[in-house]
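Reminder, nothing fancy here: chain letters follow the sequence lines and each chain counts from 1.
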Protein chains: 6
Amino acid sequence: MPRSFARNASTLRPVTLEAGISRYAEGSCLVSFGHTRVLVTASVDDFVPPFLRNTGKGWVTAEYGMLPRATHSRNPREAAKGKQSGRTQEIQRLIGRALRTTINLSLLGERQIVIDCDVLEADGGTRTASITGAYVALAQAVQTLQRKGVLKTSPMIAQVAAISCGIVGGEAVVDLDYEEDSGAEVDANIVMNADGALVEVQMTGEEATFSKDQMQRMLTLAEAAITELCAKQREALETFARAA
Amino acid sequence: MPRSFARNASTLRPVTLEAGISRYAEGSCLVSFGHTRVLVTASVDDFVPPFLRNTGKGWVTAEYGMLPRATHSRNPREAAKGKQSGRTQEIQRLIGRALRTTINLSLLGERQIVIDCDVLEADGGTRTASITGAYVALAQAVQTLQRKGVLKTSPMIAQVAAISCGIVGGEAVVDLDYEEDSGAEVDANIVMNADGALVEVQMTGEEATFSKDQMQRMLTLAEAAITELCAKQREALETFARAA
Amino acid sequence: MPRSFARNASTLRPVTLEAGISRYAEGSCLVSFGHTRVLVTASVDDFVPPFLRNTGKGWVTAEYGMLPRATHSRNPREAAKGKQSGRTQEIQRLIGRALRTTINLSLLGERQIVIDCDVLEADGGTRTASITGAYVALAQAVQTLQRKGVLKTSPMIAQVAAISCGIVGGEAVVDLDYEEDSGAEVDANIVMNADGALVEVQMTGEEATFSKDQMQRMLTLAEAAITELCAKQREALETFARAA
Amino acid sequence: MPRSFARNASTLRPVTLEAGISRYAEGSCLVSFGHTRVLVTASVDDFVPPFLRNTGKGWVTAEYGMLPRATHSRNPREAAKGKQSGRTQEIQRLIGRALRTTINLSLLGERQIVIDCDVLEADGGTRTASITGAYVALAQAVQTLQRKGVLKTSPMIAQVAAISCGIVGGEAVVDLDYEEDSGAEVDANIVMNADGALVEVQMTGEEATFSKDQMQRMLTLAEAAITELCAKQREALETFARAA
Amino acid sequence: MPRSFARNASTLRPVTLEAGISRYAEGSCLVSFGHTRVLVTASVDDFVPPFLRNTGKGWVTAEYGMLPRATHSRNPREAAKGKQSGRTQEIQRLIGRALRTTINLSLLGERQIVIDCDVLEADGGTRTASITGAYVALAQAVQTLQRKGVLKTSPMIAQVAAISCGIVGGEAVVDLDYEEDSGAEVDANIVMNADGALVEVQMTGEEATFSKDQMQRMLTLAEAAITELCAKQREALETFARAA
Amino acid sequence: MPRSFARNASTLRPVTLEAGISRYAEGSCLVSFGHTRVLVTASVDDFVPPFLRNTGKGWVTAEYGMLPRATHSRNPREAAKGKQSGRTQEIQRLIGRALRTTINLSLLGERQIVIDCDVLEADGGTRTASITGAYVALAQAVQTLQRKGVLKTSPMIAQVAAISCGIVGGEAVVDLDYEEDSGAEVDANIVMNADGALVEVQMTGEEATFSKDQMQRMLTLAEAAITELCAKQREALETFARAA
């Protein structure tokens, strides 16, 4: 089956990252991986969750949502259903964990940064696009805090990005779109930092299994893709900094 | 106090309406009134709510949401809180009522069109921008149904738009931004159709009252504004039709 | 179609207002507009909602409910369904706004008055009967605070009442009962104060529109009706004061 | 401590039962035990709960609610809190069980009667007043069904009433008001039918216990009281029948 | 119908009580009445509910749950349904009340003991097994507090146990299993203390009634059974103390 | 730091698996990994979820819960809080996915097997113990269906087990207890089948990262452990089969 955007197994979809897209948020990024588009904002609060009060440490957390018609057919609005699905909660926990590896929470001080990832259009890979955009929004929010003099030194200690990969028709491929994802034997999401260290590996066979070799091939594809995404993140932050 | 965008009392903020913005929805519109930006989609279902089954009539309904950081400070996500606020429900009922006056539900047949209005950025007037954009999304969805041969004749029977007005510092003004809205003595929302007929009038004094004269002045401002918005709606639909 | 109680277009249904009906509440009123009967209580709290703490200002808020069998057929109990409908929330927000225009919240001091409007029987006009009765209950609660020496001077600054009107069979009529309301082309609710100033105007065409002339005629009917209701409110408060 | 209404240990508070109080319900009763007042309606549905479908049997169920200001200080509205308390659910289960002993559910046929007990004012004994009034409302609803020809023969097979009793200051007393109830060592609720058979016995010591002798004395008081209540129920139904 | 375990009307099912079964809880008991098995833990908190703060008094409360497949067919998990049933709430209120009669809450001081009763297997009598096991868990938790020196003197003032009884086929029997319970004309639960004082009596006829004689016979059976259960409770506590 | 049970890095805690522990469930297993104890039941339904109706395919799903006092300090009951946490939902989705790889859903036919994993005591590794025990319960439930003649041939196609591993103090270790888990730099859960194929890999660094070498070492440890667990699963099923 030919891949969308005439890609081969190791090619990313067209990726764009636009920092500073939100008028009000301290940090923001509109990220697209092909037809998947996510609006990410980073909001700074002057307080931390109860379990961190008086510890001197800050916190980074994430929420995730999808507009009802981000997809081929409309999904009921979670606010109307009155609860977030297990999938939503799983994704926002993943985003939060990934982002917390990029920042020294003690240097952040007793403040919280809330990352909101709202999917405007979904064509596969919304969680990896969210993490990749969220790093940009978080970095911009931290720069805002430095510019305002709230932070003297940057608490940023690492740069993360994420990509999906999978086994489709027996072959390892990177950055699956919705159609590939639906038919994949194995579905994986990899989060790495710019130094090539692993942050999170999730590989799942639903009604299928995979070998250690396949696992290795997926990791290799992911590593190259994440290196490319990290370069684009730096570029987006520089473009924004020049414009500001 | 000078108005934003150097406007006088009867001037709208810069308005843009872009039809066909969503990849998946049958109809869509990105509408902006100044810094207020709302993404509207119209989704067609092959069924109707239980109370209309086997009546031969269709239905149009609306849902409204706001991204957590659409505003100056972050609002908790309604999906996370587990319920929609009274304000959200009031707005989505208003949008639904307004749109149902534009369509012959018997001609639509037993199908439902769900309008989703998601506020990306909010600077006052989100409900009137939503209604104005929703008409465009609904009209495009109906055209999609006609193009696919699902509908032989158009069920559209009217065109509606909406605008806010109010009494600020004793003076009637149109299209209030957030700052004006916060300080207004009277806050009004007017829905009219392209023939100048009234669809909905809501005028509210919180800790203040207003005279029949003031009411009249607000209506006059609204009528001129709505005429202007209706022209822009037609233009957006024509631009989209030409491009399609 | 002849109107209930052999009324003409501008006639109210028989109205009764009985202050001091509740054994425990600081203020109360049993109000009936024809067969619509609402029990209103005003309860005084020694605290205010968080957003008003340490401001020196008080608050007035309202809640609205309907007994399950207040209507022709039984409605599920909102407490059993686990949430209040959009309609309920819209009505209680309206009642609260209307009542807050009658009182100087700074003179009330840091206390809250909660108005509960519980519909015992519903035959149209429950929200306007609620507002009209709520003014009486609120005024009585303020008198209770004065009598107890909690308030030295009265914070009451205005008197409000409300009435429904509409376009039925092309004609403007006032104080619609349930049957008229179900068939009305336009449904309106008007809140005014005793000085003839407007507090809230809500006019709604569902699957219909209305002209500015029709709007004017409804306002004229409402103004006369509200003048009559205000006289009955004063009478109810005087009757209670004499009996106390 | 002298008892309210100058009663001795075995005296009921003034009891009134007014059948047919609701304009819309098939059966209804306004019941008062002293200052406790409960509005009871009986609503007939043409269907039964899923577990009884196609069994030929009917159902009787009950719901219970309390107006927020039925009591000395205001209680939050259960509809606003989004759930019914354990106490509410316990009471409505009790009312339903008691009423189901009065009716042959097979003779009722596949229909459901929903009893709503809404407490307008609460001064102790709301559950026993509810049961006592509910019997009257249920009997009236059955008569309505017979008068309409829906039922050929009456399914009523027994008459129930209920009363509270307790141990206060070491002495057994009947029909406790709120103040007595708050200070009682033992709190009991007894449901019996007009033939002197027991339907439900609930005796509870909170931070106290009781002897079999005390239990016997409470039962004796309850039996006499219930005989008296049954006579009043018959009287209320006859008064209503004469007036109809 | 022969009774399970070849019992006669007055015989308990095999009863086991094993104290100290939980690795982490301050007190615990695995209780079985025949095939009914309940795991009870008693957890000590250093705080009390808001209504007791700064009173010097402690609190004992209980929660009750049933594993989804504790019964013949699987019941939906209450955590997944999002609310506890009326039955669950009624039972946990009963357990809490019964336990609070065994302890001087002032001597306990400002701490709370939470009793969790989780039914592993249910064959009738889960609430009476819970109460009987809960006393053991509570007593052990208090001993833990004494051993740690938190409490100088024991606040325990009584010993309670509970048993079900009922009228089955016209005959009074004790300790009903699920099958008997399903067919019983009258269902009763009795809580008594080791001194023979009554703590709670609940006797319920669903679609049936009972006489005072039948009531007396059930009480007589219950009293003998509870005496036996109290002996087993003491034995369980002694066995644990010896082993500790 | 010495490991619990005097283990080295590659040693499992004492593992026990007891099949057929539940009186009512079609399949069940009490599993312990050291002090972690989980009661697993498998319940067979005669229906499938709506999305599978009339497809001829069956379904396996899982739910997970933890008794409030399974842990060192008491956790609020999810049924009382009214919702399942994100963690709970993440775990039950994982268990369901893992189990579905062991069974041919078409051969199962239109029936559903619900796996309930209830943690009685938690000392780390509850999700991996759950999966390991769930395989045993599922296999027993399938045998029950075969014994009853409902299934002619076994739909079981694979055997899965799961184990946690992690990086603690820089070293890769297997089967972490709670204390190790709390201090681990990297936390991983691996699901494999008896043929050495991977089913799910989840490796997470919270506030830490890991190298591909470390990943490899964790996988190697997990593979040996899972081989050992699979042997124990077969033994448990054989023991049960011999006893039945």
Side-chain angles (χ1 to χ4, degrees), chain A residues 57 59-60 63-64 82-94 96-106 157-158 160 167 185-216 218-220 222-223, chain F residues 57 59-60 63-64 82-94 96-106 157-158 160 167 185-216 218-220 222-223:
Chain A
K57 289 186 67 175
W59 192 241
V60 174
E63 296 195 3
Y64 171 94
K83 63 174 183 175
Q84 296 179 301
S85 70
R87 178 186 172 274
T88 292
Q89 292 187 62
E90 200 168 315
I91 292 175
Q92 58 199 17
R93 284 156 56 92
L94 168 64
R97 279 197 307 268
L99 271 288
R100 282 193 294 274
T101 64
T102 69
I103 191 163
N104 179 322
L105 295 171
S106 297
I157 54 177
V160 296
I167 307 292
E185 294 102 62
V186 179
D187 177 32
N189 291 289
I190 312 294
V191 188
M192 294 182 82
N193 69 24
D195 302 327
L198 290 157
V199 172
E200 182 113 12
V201 173
Q202 294 188 338
M203 296 183 166
T204 299
E206 169 115 14
E207 308 179 27
T209 60
F210 54 104
S211 67
K212 275 168 283 182
D213 265 15
Q214 287 176 315
M215 181 176 174
Q216 200 51 56
M218 290 189 281
L219 275 175
T220 304
E223 186 166 15
Chain F
K57 289 185 66 174
W59 192 240
V60 174
E63 294 196 4
Y64 171 93
K83 64 175 184 176
Q84 295 179 301
S85 70
R87 178 184 172 277
T88 291
Q89 293 187 63
E90 202 169 314
I91 292 175
Q92 56 198 18
R93 284 156 56 93
L94 168 64
R97 279 197 308 270
L99 272 289
R100 283 192 294 275
T101 65
T102 67
I103 191 163
N104 180 323
L105 295 172
S106 299
I157 54 177
V160 297
I167 307 292
E185 294 101 62
V186 179
D187 177 33
N189 291 290
I190 312 293
V191 188
M192 295 181 82
N193 68 23
D195 303 327
L198 289 157
V199 171
E200 182 112 12
V201 173
Q202 294 188 339
M203 295 182 167
T204 298
E206 170 116 12
E207 307 180 25
T209 61
F210 53 104
S211 67
K212 276 170 283 182
D213 264 14
Q214 288 176 314
M215 181 177 174
Q216 202 50 57
M218 288 189 281
L219 275 175
T220 304
E223 187 166 14

Test salt bridge (charged side-chain N to carboxylate O under 4.0 Å, His left out) applied to F/E63 - qualifying residues, sequence neighbours left out
E/R74, E/R77

Locate the shortest heavy-atom distance separating [X] from [Y]; write the atom from each residue and the value.
X: F/M218; Y: F/A188; value: SD-CB, 4.1 Å
X: A/I103; Y: A/I157; value: N-CG1, 3.6 Å
X: A/V186; Y: A/F210; value: CG2-CB, 3.7 Å

Please classify the contact between [X] and chain A as side chain, backbone, both or neither, with a heavy-atom cut-off of under 4.5 Å.
X: F/S85; result: backbone
X: F/L94; result: neither
X: F/T204; result: both
X: F/Q92; result: neither

Interface check, chain A: of F/V199, F/V191, F/D195, most non-hydrogen pairs under 4.5 Å belong to F/V199

Select, from F/M215, F/M192, F/R93, F/R87, the one with the greatest count of heavy-atom pairs under 4.5 Å involving chain A.
F/R93

As an exercise: rank A/Q214, A/Q216, A/R97 by heavy-atom pairs under 4.5 Å with chain F and give me the winner.
A/R97

With chain F, the option among A/K83, A/Q84, A/Q202, A/R100 that has the most non-hydrogen atom pairs under 4.5 Å is A/R100

CG of F/L198 to OG1 of F/T101, rounded to nearest 0.5 Å, is 11.0 Å

Do F/N189 and F/E200 come close enough that some side-chain heavy atom pair is under 4.5 Å?
no

